[in-house]
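Scroll down for the structure; my scribbles are underneath it.
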Protein chains: 2
Amino acid sequence: MSLKYALLGLISKKPQTGYELYTTFKERMIYFWSSTHSQIYTELNKMEHEEWISSTYIYQEGSPNKKLYTITTKGEEYLLNWLLSDKIKPAKIKDEFLLRASAFHLLSEKEIIHLLDAIIEREQRVLEATRKWQHDNEQDEEFGIGDFVTAEYGVMYAEMYIKWCEKVRKEIRKRSRGN
Amino acid sequence: MSLKYALLGLISKKPQTGYELYTTFKERMIYFWSSTHSQIYTELNKMEHEEWISSTYIYQEGSPNKKLYTITTKGEEYLLNWLLSDKIKPAKIKDEFLLRASAFHLLSEKEIIHLLDAIIEREQRVLEATRKWQHDNEQDEEFGIGDFVTAEYGVMYAEMYIKWCEKVRKEIRKRSRGN
DNA sequence: TGCGCCATGTAAATTGTTACATGATTTA
DNA sequence: TAAATCATGTAACAATTTACATGGCGCA
């Protein structure tokens, strides 16, 4: 399982809390990885046991206390070993809309167009958010090569998705004119 | 969970066996859905209990016997209801290579290029296979709108992935010349 | 003679999701 | 004043993966 590598990769950039890692997952990594806070906290505790990371407890007034995790030498070695391994597992995707698309033979033109429009809108929002994030952060010294290439992927992925939706719309219109 | 809808969608096109469904998943739907044979067989049995599908046992000489599943009216209603529902869950993606890419700050130019080349090769194989499948089947009367649009997606997705890899390669070369 | 294909299943283990639990501060 | 944010965790449940189990046929 790769959640541990995902967490190690992020912590290797700078020490972080579980909450920060969780927000990074849901805000920035959604188009290539996903997880929930309950899974992240559990995994972080396991990883500390394995001594891939170490934590410092930070007392705060006003807001709740927190644990800051730092990667260890052992953790860095473990991560690097995985990064360089030859066996790269193929992506695992569960795309509900594509699944619906595969059953378009059961729907009318109107129904398909309605679904497509909703998805185009959704993807446009994702695209705008990614571009905004990229623009707001690219001058930041913390913005590294990994952030650059994955943000670029996010943009290309959303653009492709929208283009595909429009292609499908054209095809649907064409087919229903034909009937 | 949507595996049941995935199966219903496929069975709605024509009666199929668990084995046929399983091969469709691993050969054709990999870029938008994945499952294993053990999960598929279990799910099919549950779905028959729910009366969304019914089965006919087919005795064969030479090869093992099999069960052919057909969708019921109840199953069709259930599927259609899901197809038209407004809440379309966002795609859940676990892309190990993108995860590695997000940790590229830990690798050298040479190491990154090595990984990229392997992925480009992999994606080119996927792309060729999808195009071949599309070409070999588009004249088939069973090749419907769902097959058309999802195959198109597969092609666009793989093309985008390759373009992204090449963009990353250029960026990596640029950055290491800069140092 | 060993591997892959056809064909279906169960059991065990791991992963992932949702709900429960707490509680102060900030924002609408 | 209700919801969202910060912050961390556990428990129960659901989904998924890997291993176990069987066995004939065709191919190299």
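Below, chains carry the letters A, B, ... as their sequence lines are ordered, and counting in each starts from 1. Worth knowing before you read on, the calculation uses all heavy atoms, side chains too, and leaves out hydrogens, waters and symmetry mates.
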Please report the distance, rounded to the nearest Å, between CD1 in A/Ile93 and P in D/dT16. 15 Å

Between atom OH in B/Tyr19 and atom P in D/dT22, what is the gap in whole Å? 19 Å

Atom CG of A/Leu3 to atom P of C/dG16: distance rounded to whole Å? 7 Å

Length of the CH2-P vector between B/Trp33 and D/dT16, whole Å: 7 Å

With a 4.5 Å cut-off on side-chain heavy-atom distances among I, L, V, M, F, W and Y, is there a chain of contacts connecting B/Phe97 to A/Val155? no

Report the distance from atom CD of B/Glu61 to atom P of D/dG23, rounded to the nearest whole Å. 19 Å

Ignoring backbone atoms, establish whether B/Lys92 has a side-chain N or O less than 4.0 Å from OP1 or OP2 of C/dT17. yes

To the nearest Å, give me how far apart NZ (B/Lys46) and P (C/dT8) are. 18 Å

State yes or no: are the ring centers of A/Phe148 and B/Phe104 separated by less than 6.0 Å? no

With the side chain of A/Gln39 defined as its heavy atoms from C-beta on, choose the nearest nucleotide among C/dT10, C/dA7, C/dT17. C/dT17

Classify B/Ser34 by what it touches in the nucleic acid, base, sugar-phosphate, or nothing, heavy-atom distance under 4.0 Å. nothing

Cation-aromatic face contact A/Lys4/A/Trp52, 6.0 Å, 45 degrees: no

Is A/Lys4 touching bases, backbone alone, or none of the nucleic acid, heavy atoms closer than 4.0 Å? nothing

Between B/Tyr19 and B/Tyr22, ring centroids under 6.0 Å: yes

Please tell me which of the listed nucleotides, D/dT8, C/dG9, C/dT18, lies nearest to the side chain of B/Asn45? C/dG9

Find which nucleotide of DNA chain C each of A/Ser35 and B/Ser38 is nearest to by heavy atoms, and output the residue with the more 5' nucleotide. B/Ser38

The side chain of B/Pro64 is closest to which nucleotide in this list: D/dT10, D/dG9, C/dC6? C/dC6

Before giving the answer on side chain to side chain donor-acceptor pair (under 3.5 Å), spell out for B/Arg125 and B/Thr130 the whole-Å C-alpha distance, their side-chain angles and the decisive distance to 0.1 Å. CA-CA 9 Å; B/Arg125 271 199 302 273; B/Thr130 310; over 6 Å; no

By nearest atom, which of the nucleotides C/dA7, D/dT10, C/dT8 is closest to the B/Gln60 side chain? C/dA7

Would you indicate which nucleotide in C/dT8, D/dC6, D/dG9 comes nearest to any side-chain atom of A/Tyr41? D/dG9

Separation of atom CD in A/Glu27 from atom C1' in D/dT5, rounded to whole Å: 11 Å

From D/dC6, C/dA7, D/dA19, pick the nucleotide closest to the side chain of B/His37? D/dA19

Specify the separation, in whole Å, of atom NZ of A/Lys26 and atom P of C/dT17. 14 Å

On DNA chain C, nearest-nucleotide positions of B/Lys94 versus B/Leu44: which is more 5'? B/Leu44

Which of C/dG9, D/dA7, D/dG9 is nearest the side chain of B/Tyr69? It is C/dG9

